[in-house]
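None of these values were measured; they are calculated from a predicted model.
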Amino acid sequence: MSKSKIVLVVDVSSTALQAAVSVMTQYLSHRLYNYPENQIAVVLVGTNNTDVSHLTGKSDHFNNIVISKPLLAGDKSLFDFIQDLPEKYGSDNVRVDLIPALEVAARLFHQEKAKTHWMSENRIMLFTDENGVISSNISYVAKEMNVIKPQIIFKLIGPDLEDSQNLSGNLKEMYNLCAEVEQGETLSTEDALTITRLYKTKKVRQTPTFKGCLEIGGGTKFPVHIVTKIIPTSHQQSLKMCGSTGETVVRDRVYHLKDENQTQIDPDCMNKGYRYGKTYIPISKVDASLMSMESEKELALICTTKRSNIRREELCGKHAYSVIPPPSDSTGGTGLAAFATALRDLDMVAVCRYVKKNDTVPKLCCLFPNVKSYCATLMMIDLPFSNDIKKAKFPKLRSEPLPEQISAIDKLIDNMDLSTKPEFKPSEIGDPSIQRRYQCVAHRALHPVKPLPEMDAANFFNTPKFEGVEDVAKECNQVFNIKIVESKIKKRTAGEMFSTDNIDFKTEIKKVKKEDISFEDLLGAGAKIGTTTPVQDFQLACTKLGVQPACEMMSEVITKLVEHQGNNIADCLQSIRQICVKESLFELFNKSLKEWFKSEVVKKICKEGSLSLIHKGECSSCPVTEKMADRSNLFDVPVSSEKQSGLLKPTPDLVAEIYATAGKSFSRLAELTARLHKIQDPDNAAKASGSRWTHDELKLLKDALVRFSDDIDKISDQIKSRTV
């Protein structure tokens, strides 16, 4: 139904022209909203003039017929034309035979066939009244319509032809015309208005979502197709943006960093981030591909169980599916029918593992038997996993319901039994929100200036009326003592809420005790630096913690970002460098940059952003010159002038630690040397033959002493001219 050709043949001499316009308006509203590619033509019959110039070939015998709209895609102008028909042709018309107009409509299909490759549906809709003139030569037109492919669906809308036995004259000829057309149908104006009252969503061709086999174990497989039986309609239909007067617009999406400069970033350089506390953990495309499930397409039986074991509240999922045999496989259909029949006879269901296609998430589903006189299939509905089930605790009943209360509810249920109202079918009720949206779009198309009409649910479906329900409802109110509880909170106006005239601050404002809030609490509030907004957190931490602790904390955050290749690295480097230059913390930054520079990400940032070491031109006390601060010398970070000149005096604790370490080391060395002396004695060597030192252990001791001696010589040469 996505591509259809529709010809509307309108008898402008009809007394029911206004009702016909209402039917056409509602019908075209549905068509243009759901199927904008449909081609629609309008043929007027009964006019005082004739215009069939759109036809090719001989057309001299057509009189009082006007092809107002050829077969083209419909738009708003078509609505305006239909609305103006009663005013334009209401009095200026003549009664003529309707058969030539149907011939014109059929010829439109014939000559347009060469222009369109394929159309899924052809329709002719004739709007007239019970006085419409139908000649006796109807066989020719019916034959013309029957030979057109796809076959024409003909609808005659206007007179009530339901009682075919008592028809005569023109009404009898109308009925015979619909009977001779293979897909002919008659509808009264009231029935047509009822049918077109509900906006119907776009029909989708039914295609299998799964083509495979149902594996029931032991190597037994039944070829099956899975088709969608029930699918919820989306309430939020995607709309294309346009200008205020309907102009086409183009949308261009860009991404930028959340920094002061709003730096634009290429979508290819972005990764998905999963929130982990206050930090975002980036997941690359390679990681995302490895995170996906590796599974094969299948529908495999896990077990069977009693139908009562599957509780109704455990049936989940947005869709309901039908498991049917392939149309061309009769053997597989027989096996599937036997399986479904056996489940029905045993009152059991099948639990299966369902994988729609390779490398997709497996689902747990339940197969219910659906056995009818003409077919036997299975209905498939998803089952929840343990993660999907949310446990809710309900309070216990304070008291059991009384017998009179149960009796009142029983009466209410009996009086509202839907089986007593066969004309009310829930499957024919339209979604009110969708109906409202369609109604508003159609109204705005017809009336660009008028305000939208108020919603009336009665226009969408008729609620069934049950007799005696009000009396039973009153009885329920009495036995349950139902009362409307008014809110104790007094509603106040905005002026009363923000007025300070009648407030006693001494009594209304609660005083906070001093011991409730400590200085440490105030100092530490908001002083943590996260990876989501590190620059803003760093600025706040400098204010609350001090510059040096904040820089050390920021250095740790940058290290984490560099390790995980996170975002905001460039902004973090610039912000910490500015603070370090301002506060003369060049040693902290230069030492950290040396470690960060090992990462390719930081190398690229330094190259593109001209980021370098802090040098003497920026901080006078820094020993690094501008030449030394070049990016190629990042690994050669010199020590400060104070360390070079020895101005940093050793602390007493450090000297004491050196003495303690030296004493412990020399004591252990003396013990090892004494043991070596004992091993050289023949008597002691014979006693300790079972625990002699190995050659490798002696070599380890020798190597340690050699390294110790070399290190002492180096240090001695360096500090022999200095004093402590």
Side-chain angles (χ1 to χ4, degrees), residues 204 206-234 288-394 396 426-427:
V204 181
Q206 187 65 275
T207 55
T209 59
F210 176 89
K211 292 182 179 180
C213 293
L214 170 60
E215 303 177 12
I216 62 174
T220 304
K221 299 180 181 180
F222 298 140
V224 295
H225 286 179
I226 297 179
V227 296
T228 305
K229 181 68 174 177
I230 299 175
I231 178 173
T233 304
S234 175
S289 62
L290 296 176
M291 289 172 63
S292 61
M293 291 283 299
E294 293 184 3
S295 55
E296 295 183 359
K297 172 182 174 181
E298 67 172 347
L299 177 62
L301 178 67
I302 298 176
C303 66
T304 58
T305 183
K306 284 291 184 181
R307 189 164 188 166
S308 58
N309 293 336
I310 303 297
R311 294 183 293 181
R312 185 175 296 274
E313 65 269 17
E314 292 180 349
L315 300 178
C316 63
K318 296 182 179 180
H319 307 81
Y321 304 93
S322 292
V323 182
I324 61 175
S328 59
D329 191 344
S330 58
T331 305
T334 304
L336 184 65
F339 183 66
T341 305
L343 289 176
R344 181 201 62 179
D345 295 342
L346 297 173
D347 193 24
M348 301 186 77
V349 295
V351 180
C352 297
R353 181 178 188 265
Y354 174 53
V355 182
K356 185 176 181 180
K357 55 185 178 180
N358 292 339
D359 297 333
T360 56
V361 179
K363 293 184 178 179
L364 199 63
C365 63
C366 185
L367 300 180
F368 295 86
N370 182 28
V371 181
K372 298 181 180 179
S373 58
Y374 54 90
C375 69
T377 59
L378 297 169
M379 293 296 297
M380 186 176 77
I381 302 178
D382 293 342
L383 293 176
F385 291 103
S386 60
N387 308 80
D388 303 325
I389 300 175
K390 308 302 180 184
K391 295 182 179 180
K393 294 183 179 180
F394 299 97
K396 294 182 179 180
S427 60

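- Counting heavy atoms from C-beta outward, Thr207 and Val227 have side chains that stay 4.5 Å or more apart.
- Taking CG from Leu383 and SG from Cys365, the interatomic distance works out to 7.0 Å, rounded to the nearest 0.5 Å.
- With sequence neighbours excluded, the residues satisfying salt bridge (charged side-chain N to carboxylate O under 4.0 Å, His left out) with Arg353 are Glu298.
- Taking SG of Cys352 as the reference point, atom CG of Leu367 lies at 4.0 Å (rounded to 0.5 Å).
- In this structure, the side chains of Phe339 and Leu378 come closer than 4.5 Å at one or more pairs of heavy atoms.
- Across all non-hydrogen atoms, the minimal contact from Val349 to Pro369 is CG1-CD, 4.4 Å.
- Listed by first and then second residue, the salt bridge (Lys or Arg N to Asp or Glu O under 4.0 Å) pairs that reach into residues 321-347 come to none, sequence neighbours excluded.
- Ser295 places no side-chain N or O within donor-acceptor distance of the main-chain N or O of Asn358, the cut-off being under 3.5 Å.
- Residues that satisfy the ring-ring contact (aromatic ring centres under 6.0 Å, His included) test with Phe222, not counting sequence neighbours, are absent from this structure.
- The closest side-chain heavy-atom distance from Val351 to Leu364 is below 4.5 Å.
- In this structure, Ser322 and Met379 have side chains that are in contact, with non-hydrogen atoms separated by less than 4.5 Å.
- Asp359 is linked by a side chain to side chain contact (heavy atoms under 4.5 Å, CB included) to Glu294, counting only residues two or more places apart in sequence or in another chain.
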Would you give me the side-chain donor-acceptor pairs under 3.5 Å for residues 299-316, sequence neighbours excluded?
unit_1, atom_1, unit_2, atom_2, d
Thr305, OG1, Asn309, ND2, 2.7
Lys306, NZ, Leu346, O, 3.2
Arg311, NE, Glu313, OE2, 3.4
Arg311, NE, Glu314, OE2, 3.3
Arg311, NH2, Glu314, OE2, 2.9

Margin query: Before you tell me yes or no, could you show the steps for Lys297 and Lys356 under side chain to side chain contact (heavy atoms under 4.5 Å, CB included), namely the whole-Å CA-CA distance, both residues' side-chain angles and the distance that decides it to 0.1 Å?
Written below: CA-CA 6 Å; Lys297 172 182 174 181; Lys356 185 176 181 180; over 6 Å; no
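- Here Ile381 contributes atom CD1 and Lys229 contributes atom NZ; the two are 12.0 Å apart, rounded to the nearest 0.5 Å.
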For a quick test of your reading: what N or O donor-acceptor pairs under 3.5 Å do the side chains of residues 370-377 make, sequence neighbours left out?
unit_1, atom_1, unit_2, atom_2, d
Asn370, ND2, Thr377, OG1, 3.4

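- Listed here is the closest heavy atom pair of Met380 and Val323: CB-CG2, 4.0 Å.
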Note to self: With side chain to side chain contact (heavy atoms under 4.5 Å, CB included) as the criterion, how do Phe210 and Tyr354 come out once you've worked through the C-alpha distance, each side chain's angles and the decisive distance to 0.1 Å?
What the structure shows: CA-CA 10 Å; Phe210 176 89; Tyr354 174 53; 3.6 Å; yes
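- If you take OG1 on Thr209 and NZ on Lys211, they are separated by 10.5 Å, rounding to the nearest 0.5 Å.
- Judged purely by atom type and a 3.5 angstrom limit, Thr341 uses its side chain to pair as donor or acceptor with the backbone of Ala337.
- Annotation: the span from Tyr321 atom OH to Asp382 atom CG amounts to 6.0 Å, rounded to 0.5 Å.
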